[in-house]
Amino acid sequence: MANRRKLAAGNWKMNGTAAALSEVQALLAAHPAPGCDVLLCPPATLVHRMAEAAKGGALSVGGQDCHAATSGAHTGDIAADMLADAGASHVITGHSERRTDHGETDEMVRAKTQAAHDAGLIAVVCIGETLDQREAGETLAICAAQLTGSLPDTASAANTVVAYEPVWAIGTGKVPTLDQIGEVHGFLRAELEKRFGDNGTSMRLLYGGSVKAANAAEIFAVPDVDGALVGGASLKAADFSGIISALEKA
Ligand code: 13P
């Protein structure tokens, strides 16, 4: 049984300006020494300021995307190294909203994840099926293909976290049953172990999609769920704090 430190990760998506940094102060005050890792991924404009605000506190800061290249003519994009320079320690790659809005493929996600590793960042690599795919009985096949395609060979327990986020559960208030979450997480664990051996055993697997303080405890009790990637309920310290507390007790 691997000793995986739990992780509560928040993805602010395209939300938040400087005024929202007060939420970080509130979170740090509520959890000065959390019994789990805590990560917030604000929009790129806030990464540096949030990292400054969190300095010395038990809160890591991450980007929401990075480019696969280290520099160059890519207007509007951000290199992994730039996120690290701004104070980020993590970056989300392959979020379904990037896959949908920007046509990101597994191959692109794998290159971005590789770039994150090369820059010394921990990648939070997202995968998950759509409702159509679930209803067609393709969930495990889709997740396996995305997992294989999105992770570079450099992935290890130290530099990679995998987030299972069923697309149909994101921002909808719909959550898979605990059995469904358990089925996918158990399957992903086996896939990771097949490819990465002990690193696959130690790699953290997050669940994401409509996690709230009210449903967090039951989700965290599912085997192979090592934490959550939280969207809407990570925006307010009071909401995210409830999820962190549930994870500390899990
Ligand atoms: P919600 O928690 O708002 O459903 O979003 C989940 C998500 O996409 C996190 O990356």
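Everything numeric here is computed off the predicted structure, so don't read it as measured data. Each ligand, and each atom within it, is numbered from 1 in the order the structure gives. Atom set for the values below is all heavy atoms of this structure, side chains included, hydrogens, waters and symmetry mates excluded.
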Sub-4.0 Å atoms of ligand 1 with respect to non-hydrogen atoms of [X]:
X: Gly209; answer: 4 (O), 6 (C)
X: Asn11; answer: 9 (C), 10 (O)
X: Leu229; answer: 9 (C), 10 (O)

Nitrogen or oxygen of [X] less than 3.5 angstrom from that of ligand 1:
X: Lys212; answer: no
X: Thr172; answer: no
X: Gly232; answer: yes
X: Gly171; answer: yes
X: Gly231; answer: yes
X: Ser210; answer: yes

*Could you find the nearest protein heavy atom to atom 5 (O) of ligand 1 and give me its residue, atom name and distance?*
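Answer, as residue, atom name and distance: Lys13 NZ, 3.2 Å.
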*For atom 9 (C) of ligand 1, what is the nearest protein heavy atom, given as residue, atom name and distance?*
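I find the closest protein heavy atom is Glu165 OE2, 2.9 Å.
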*State the OG-CE distance between Ser71 and Met82, to the nearest 0.5 angstrom.*
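Taking OG in Ser71 and CE in Met82, the distance rounds to 6.5 Å.
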*Is it true that the side chains of His95 and Glu104 contain a donor and an acceptor less than 3.5 Å apart?*
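There is no such pair (donor and acceptor under 3.5 Å, judged by atom type) between the side chains of His95 and Glu104.
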_Do Thr100 and Glu97 pair up side chain to side chain, a donor and an acceptor below 3.5 Å, judged on atom types alone?_
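Result is no, nothing qualifies.
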*Aromatic rings His185 and Tyr164: how do their planes relate, parallel, tilted or perpendicular, breaks at 30° and 60°?*
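Ring orientation of His185 relative to Tyr164: perpendicular.
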